[in-house]
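Heads up, the thing below is written out as structure tokens.
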2 protein chains.
Amino acid sequence: MTINRSCIVCDNLTCLIKKHCSDEVILNDIDQNKDINLYRNRQFIFQEGDFTKNVFFILSGKVKVFLMGANEKNQIVRFSKRGDILGHRGFIPSGVYPVSAQAIFDSEICYLPKKYFFNLLDKVPELTINLMLSFANELFQEETKLRNMSVFNVREKVAVALITIVKSFGLDENQNIVDIDLLSRQDIAELVGLKANQVTKVLSDFKVDGIIEIVKNKIKITSYGALEKIVSY
Amino acid sequence: MTINRSCIVCDNLTCLIKKHCSDEVILNDIDQNKDINLYRNRQFIFQEGDFTKNVFFILSGKVKVFLMGANEKNQIVRFSKRGDILGHRGFIPSGVYPVSAQAIFDSEICYLPKKYFFNLLDKVPELTINLMLSFANELFQEETKLRNMSVFNVREKVAVALITIVKSFGLDENQNIVDIDLLSRQDIAELVGLKANQVTKVLSDFKVDGIIEIVKNKIKITSYGALEKIVSY
DNA sequence: AAGAAAAAATGATGCAAATCATATTTTAGT
DNA sequence: ACTAAAATATGATTTGCATCATTTTTTCTT
């Protein structure tokens, strides 16, 4: 399903394009080349190994970016949401996406052909610089993750996973309590390199410790501070 | 000790600046703002937490980029050499270098003030795009490393470390045999999150298997192919 | 060249965590 | 609402590896 409207009237001010391109550029260039797709829950936006064809910008929804492991051991790289760019990791010499991207919620996603996106970068230096800066930041986050994985034990890793999820998808409006109902135990495990049953185990520990509540497989974080304390070193 | 000469006469064609800036820009802008420093072996170029002041470009030598762990457990992020940019990881909101950089060989390193470097990016879009691309590539490598760390066992990790070292510092001119004499067991361990004595153990296994030779603490890789086989999955 | 200090090699032990097996709960389909 | 399939919870077992201790080799200093 494809829908389309001009970036001029878009209200997503966190989008790289919207933020850094003038109305003129949008009208004359971007609107002619971009498209919007609606991806249903569980639908793939692209797969690891696909030729890097497009660059995506999330308008709404939630996306899981991950590596497919050999033995059904996937590895979640990050969660992306409204305002995030997607597919930019494919700007590597191999010319293929090094990761897969899958909607975990119905998502509206704009996209530009990669080739055209690079033309755009030539025209709008500010865009290039900001893209470069967001790469720098992503690299830093990746490094932090790498350190976490080598330092933390299972309990701490699960805490990291919950914190990551909260940070990715935001907090509840009222309290610091969040429903995590989009993600399975398996997802949580893949986020921090564990097995699903290990996650279950720690989650039940957390329940006993009064850090979370679990009702019908839905996790509610009742003490975010306690989670932060677990991972502080 | 500070020495200086124009980038115009520099023979380092792999340098981002040399590669993407016109002679005009070099003469009028870069030469006025850049400097070269000679760093002796073991000397620090910058430290984790330092305010991001400069951007560095390695002219010669070898540099170790690493994270300082709490319990004397450092983590080597990468090795950098001639042609590599250094300090660009400091382009993050915190405004400090997230890693430390230390010469592991006498090294000539050019540098530009960060502030000026960003002016330059405005002037030379091609430079910005290529910097962005090199970030993308670094990110990919980091991801690969993260997967390796979660998938590989101790033996495989040591193989990864040796391969990384060979890839970083190149192969010997004659055969596929390489002397690794700049790095201690501790360095190898920190590259893949192990302890020095674990590295020693695996290295002696490798010796028995005829993959390496060790003479006076110097490692010679006699079967690079065998190493590659160990980490192929 | 000799002695001291540092690095590397080797071995032994305890524990965390990966793996496997099974029961229970939840979700999805008719 | 009922049944089948999937996801989750819980427990038992084993293996890998981190840690510690000690000896040997290498490097550094004078």
Side-chain angles (χ1 to χ4, degrees), chain A residues 40-42 64 69-75 104 147-162 179-209 212-220 230, chain B residues 40-42 69-75 104 147-162 165 179-209 211-220 230 233:
Chain A
R40 294 293 180 186
N41 190 12
R42 293 174 197 274
K64 179 170 87 174
N71 38 7
E72 294 297 319
K73 247 194 162 185
N74 293 338
Q75 210 171 82
I104 55 171
R147 188 181 44 199
N148 286 349
M149 290 306 94
S150 81
V151 167
F152 288 149
N153 63 24
V154 171
R155 179 183 168 90
E156 291 160 340
K157 281 179 186 173
V158 174
V160 166
L162 294 182
D179 279 309
I180 299 168
D181 53 352
L182 301 167
L183 304 170
S184 66
R185 300 290 177 276
Q186 184 63 32
D187 284 320
I188 298 175
E190 288 174 5
L191 190 55
V192 285
L194 295 174
K195 289 285 181 182
N197 62 345
Q198 292 179 294
V199 173
T200 296
K201 187 77 175 301
V202 175
L203 286 180
S204 76
D205 290 345
F206 283 174
K207 200 164 61 173
V208 172
D209 299 342
I212 62 169
E213 287 172 15
I214 303 178
V215 198
K216 295 238 181 184
N217 279 351
K218 309 287 186 281
I219 301 167
K220 284 202 171 206
I230 288 172
Chain B
R40 294 294 182 187
N41 190 11
R42 291 172 201 272
N71 39 5
E72 292 298 317
K73 247 194 163 185
N74 293 338
Q75 208 171 83
I104 55 171
R147 186 182 44 196
N148 286 350
M149 290 307 94
S150 82
V151 167
F152 288 148
N153 63 25
V154 171
R155 179 183 169 89
E156 290 161 341
K157 281 179 185 173
V158 174
V160 167
L162 294 183
I165 292 167
D179 280 310
I180 298 169
D181 52 355
L182 301 167
L183 304 171
S184 65
R185 300 289 179 274
Q186 184 63 32
D187 284 321
I188 298 175
E190 287 174 6
L191 190 55
V192 286
L194 296 173
K195 289 284 180 183
N197 63 344
Q198 292 179 293
V199 173
T200 297
K201 187 78 174 303
V202 175
L203 286 180
S204 76
D205 291 345
F206 283 174
K207 199 164 60 174
V208 172
D209 298 342
I211 299 171
I212 61 169
E213 286 172 15
I214 302 178
V215 199
K216 294 236 183 187
N217 279 352
K218 308 288 187 278
I219 301 167
K220 285 204 171 204
I230 288 172
Y233 51 112

Examine C/dT27: is either OP1 or OP2 under 4.0 Å from a nitrogen or oxygen in the side chain of A/K218? Give yes or no.
-> yes

Gap between atoms CG and C1', on A/N41 and C/dA28 respectively (whole Å) | 14 Å

Rounded to whole angstrom units, what separation is found between the CZ atom of B/F206 and the P atom of C/dA8?
-> 17 Å

Tell me whether the OP1 or OP2 atom of D/dT10 has a side-chain N or O from A/T200 closer than 4.0 Å.
-> no

Look up atom CZ in A/R185 and atom CD in A/E190, then write down how far apart they are to the nearest 0.5 Å.
-> 14.0 Å

Atom CD1 of B/I214 and atom C1' of C/dA7: how far apart are they, to the nearest Å?
-> 13 Å

Taking the side chain of B/V154 as its heavy atoms from C-beta onward, which of C/dA9, D/dT19, D/dC17 lies nearest to it?
-> D/dC17

Expressed in angstrom and rounded to an integer, what is the separation of B/R185 atom CZ from D/dT26 atom P?
-> 11 Å

How many Å lie between NZ on B/K201 and P on C/dA12, as a whole number?
-> 10 Å

Verdict with reasoning, B/L194 to B/K201, per side-chain contact (heavy atoms from CB on, under 4.5 Å) | CA-CA 11 Å; B/L194 296 173; B/K201 187 78 174 303; over 6 Å; no

Evaluate side-chain hydrogen bond (donor to acceptor under 3.5 Å, both in side chains) for A/D187 paired with A/S184, printing each intermediate quantity in order.
-> CA-CA 5 Å; A/D187 284 320; A/S184 66; 3.3 Å; yes

Looking only at side-chain atoms of B/N197, point me to the closest of C/dT10, D/dT10, D/dT8.
-> C/dT10

Go through D/dA9, C/dT10, D/dT8 for me and flag the one nearest to the A/S184 side chain.
-> D/dT8

Between atom NZ in B/K195 and atom P in C/dA12, what is the gap in whole Å?
-> 21 Å

Round to the nearest Å and state the distance from B/I219 atom CD1 to C/dA8 atom P.
-> 9 Å

Nucleotide C/dA16, atom P - distance to CD of A/E156 in whole Å = 12 Å

Assign A/N153 to base, sugar-phosphate, or nothing according to its heavy-atom contacts below 4.0 angstrom with the strands shown.
-> sugar-phosphate

Looking only at heavy atoms, which two atoms of A/L203 and A/I212 are closest? And how far apart?
-> O-CD1, 3.4 Å

